[in-house]
Student: 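Sharing a structure, written as structure tokens. Questions coming.
For ligands, and for the atoms within them, numbers begin at 1 and follow the listed sequence.
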Amino acid sequence: MLDRRQILAALGTTALATLAPTALPAATSIKPDDASALLVIDVQNCFLPGGSLAVKEGEQVVPVINRIAKAFSNVVMTQDWHTPGHVSFASVHSGKKPFETIDLPYGKQVLWPDHCVQGTDGAALSKDLSIPHAELIIRKGFHKDVDSYSAFLEADGKTSTGLAGYLKGRKIKRVFVAGLATDFCVAWTALDARKAGFEVHVVEDACRGIDTQGSLAKAWADMAKAGVKRIQSSDIAVSA
Ligand SMILES: [Zn+2]
């Protein structure tokens, strides 16, 4: 039996936790383990200020990603990696402008300015990323007639990049997704990670979106429905 003093002490703890959750960060922190991997999506020059498809505030994800990456023993980075004249470029469809959509054999495709052409400076990862322990860089979108927002599956919904097999081979169960852009490559990667059976967290402040035609709100709604957890970088325990 608890005596009166123990009950009051317990109530006091509860009240403190309710009123001042920020005073107890350790209780809610997520500690990535050996079965966790950080996926750093498309932090490439074309998507950063001055790039051909610059994401607003895209550069702000870099210090956040550098900081949380220290908490992960497993980090995978991706690179959008298109052929010249790639099907996702508005420039190859006569009369079409960037951000218009067209119907392709695999479904609707948003058209983009030319970006991330294989081997160009624009396709290079940002030199400000500081994640020397990243163990794999996966390139995607390298088939000329198919786009690939997702790091797992091309936009035809069936051609694998091999990433799920790699992660499963490494006994990874949880993935944390960060990078560019929230409403395209990050969201599609997170949704496919769920389909492949991973527990998925998207680190919101380590991402920025493009937000064309309501795409950002739709992406968050689709991710919530699929069971993707939306977290902040401050939720991840990073030792100093
Ligand atoms: Zn692309």
Student: Tell me the protein N, O or S atoms under 2.8 Å from the Zn ion (ligand 1), in chain and number order.
Tutor: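 Within the sphere that stays under 2.8 Å of the Zn ion (ligand 1), the protein atoms of type N, O or S are D80 OD2, H82 NE2, H115 NE2.
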
Student: Excluding sequence neighbours, so at least two apart, what forms salt bridge (Lys or Arg N to Asp or Glu O under 4.0 Å) with D192?
Tutor: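 Counting only residues at least two positions away or on another chain, D192 forms a salt bridge (Lys or Arg N to Asp or Glu O under 4.0 Å) with K195.
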
Student: Under a plain distance cut-off of 3.5 Å, with no hydrogens placed, do H82 and Q118 share a side-chain donor-acceptor pair?
Tutor: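 No, no side-chain donor-acceptor contact under 3.5 Å.
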
Student: Using a side-chain heavy atom cutoff under 4.5 Å and only I, L, V, M, F, W and Y, what cluster partners does W81 have?
Tutor: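 For the cluster that includes W81, the remaining residues are F142.
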
Student: Any pair with a residue in residues 31-75 that passes ring-ring contact (aromatic ring centres under 6.0 Å, His included), sequence neighbours left out, goes on the list, sorted by first then second residue, please.
Tutor: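 Residue pairs with at least one partner in residues 31-75: F47-H115, F72-F176.
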
Student: May I ask you to check whether W188 and F152 place their ring centers less than 6.0 Å from one another?
Tutor: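 No; F152 has its ring centre 6.0 Å or more from that of W188.
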
Student: Check the side chains of S233 and R67 for a donor-acceptor pair under 3.5 angstrom, ignoring hydrogens and angles.
Tutor: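 Looking only at side-chain atoms, S233 and R67 do form a donor-acceptor pair, the distance falling under 3.5 Å.
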
